[in-house]
Amino acid sequence: MRIAVLAGGVGGAKFVRGVRHAMPDADIRVVVNTGDDLWLTGVRVCPDLDSIMYALAGVNDTERGWGRAGESERVSAELAAYGVGWPWFTLGDLDLGTHLARTSLLRDGLTLTAATERLAARWPIGVTLLPMSDQPVETHVRVADGLVHFEEWWVRHRAAVPALGFEQLGVQSASPTPEVLTAIAEADAVLLAPSNPVVSIGTILGVPGMRDALATTPAPVVGVSPIIGGAALRGMAAECLAAIGVAVSADAVARHYGARSSGGLLDGWLVDTADAAAVDELIGDGIRAAARPLYLTTLDESAAIVRSALELGLPRR
Ligand code: FO1
């Protein structure tokens, strides 16, 4: 079975581990958001690609949710002493190994896709990690006094500075990679991870040509709600949704993605039992909805969510 998953960082990593656990023999290709990427102190940092790679390799810091387990910060302290880089955005020593290797491969002329394949080959991660695009697309947040990189808004300001909107710098000249288009076209099922619907899934969808690929694939497209009972599971999905005027609810996000039968994305949508009341209305709107617990607590629970999404019984078109 071939499964394509659209995913962001921390939430996406947990969900993709669930996909791999539920379908260990499947060909799993993960289309990863690169909107958080940035150049910092001379190296290319790809937060969502690294969060998923480290989690699938089992070397991630499960406490912080990002970066490497057993990390040290000697180089980062030196950078801070020199006043270089972002003192509030810690690049650990092991993590810097990843960024240095990636930067070296990019400087050798590899695409981000090829560089990612080289990095991930170090571990048996069991899935294929595919950057959404090989062209840079960087999410910036419009705040009262200008534009800041997403990571500055997210990490330095903890999203406490109201976001007036989001801009993906470079998106107009970006396109999905051939590998991404093939993964979506050849999939038996396409899953939208419960990642941030604005700055993670939304950024992936914003790459010109991505929505067309999802509209034309014969595979059913099934999403998992990142909102449970009106609250975001993690991160700042609530702040992001507010910034684009979408209500913080499981059915509002489904409607934001749209029913495929009326020109949107979704064939199916999983909501948590707390939002079961929305199921009938969503079905009325052409989205095959179902309710089940959606907390990605354990690996078995994550795998059960994935199986529920795949078992929505949606035929290939
Ligand atoms: N998140 C933080 O809250 N503080 C940090 O200092 C930080 C550093 C960092 C370095 C590399 C990297 O790949 C991720 C890092 N993150 C940090 C997490 C990052 O903000 C998130 O992984 C995503 O960008 C949001 O999903």
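In listed order, ligands and their atoms are each counted from 1.
The nearest heavy-atom contact from the protein to atom 11 (C) of ligand 1 is Asp95 OD2, 3.4 Å. Annotation: atom 13 (O) of ligand 1 to nearest protein heavy atom, Pro47 CA, 3.2 Å. What sits closest to atom 9 (C) of ligand 1 on the protein, heavy atoms only, is Phe89 CZ, 3.4 Å. For atom 6 (O) of ligand 1, the closest non-hydrogen atom on the protein side is Thr90 N, 2.9 Å. In this structure, atom 24 (O) of ligand 1 lies nearest to the protein heavy atom Glu151 OE2, 2.3 Å.
Residue contacts with ligand 1 include Arg158, since one or more of its heavy atoms lies under 4.0 Å from the ligand. Residue Asp48 places a heavy atom under 4.0 Å from ligand 1.
Paired with Asp50 under the rule salt bridge (charged side-chain N to carboxylate O under 4.0 Å, His left out), one option of Arg68, Arg44, Arg102 passes, and it is Arg102.
Here's the thing with Asp36: one of its N/O atoms is less than 3.5 angstrom from an N/O atom of ligand 1.
Atom CZ of Arg118 is surrounded by 12 or fewer heavy atoms from other residues, nucleotides or ligands within 6.0 Å.
Remark: ligand 1 atoms within the under-4.0 Å shell around heavy atoms of Trp154 are 20 (O), 25 (C).
Contacts with ligand 1 closer than 4.0 Å are made by no heavy atom of Asn196, backbone or side chain. Contacts between Trp88 and ligand 1 below 4.0 angstrom, taking non-hydrogen atoms only, involve the backbone exclusively.
Of the inter-residue distances, the one linking Asp267 atom CG with Arg260 atom CZ reads 4.5 Å to the nearest 0.5 angstrom. If you take CH2 on Trp86 and OG on Ser76, they are separated by 13.5 Å, rounding to the nearest 0.5 Å. Here the straight-line distance linking atom CH2 of Trp88 with atom CD of Glu151 works out to 8.0 Å at 0.5 Å rounding.
Under the 4.5 Å side-chain heavy-atom criterion for grouping Ile, Leu, Val, Met, Phe, Trp and Tyr, Leu94 is not connected to Leu100 through any hydrophobic cluster. Put simply, Val141 and Val171 are part of the same group of oily side chains (I, L, V, M, F, W, Y) that touch within less than 4.5 Å, one to the next.
With salt bridges taken as basic N to acidic carboxylate O contacts below 4.0 Å, none links Glu301 and Lys14.
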Worked verdict on Asn33 versus Ser195 for side-chain contact (heavy atoms from CB on, under 4.5 Å): CA-CA 10 Å; Asn33 168 47; Ser195 297; over 6 Å; no
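Summarising the contacts of atom 22 (O) of ligand 1 with Gly92, Gly65, Ser51, Gly35, the nearest heavy atom is found in Ser51. Of the candidates Tyr54, Trp86, Trp66, it is Trp66 that places a heavy atom closest to atom 2 (C) of ligand 1.
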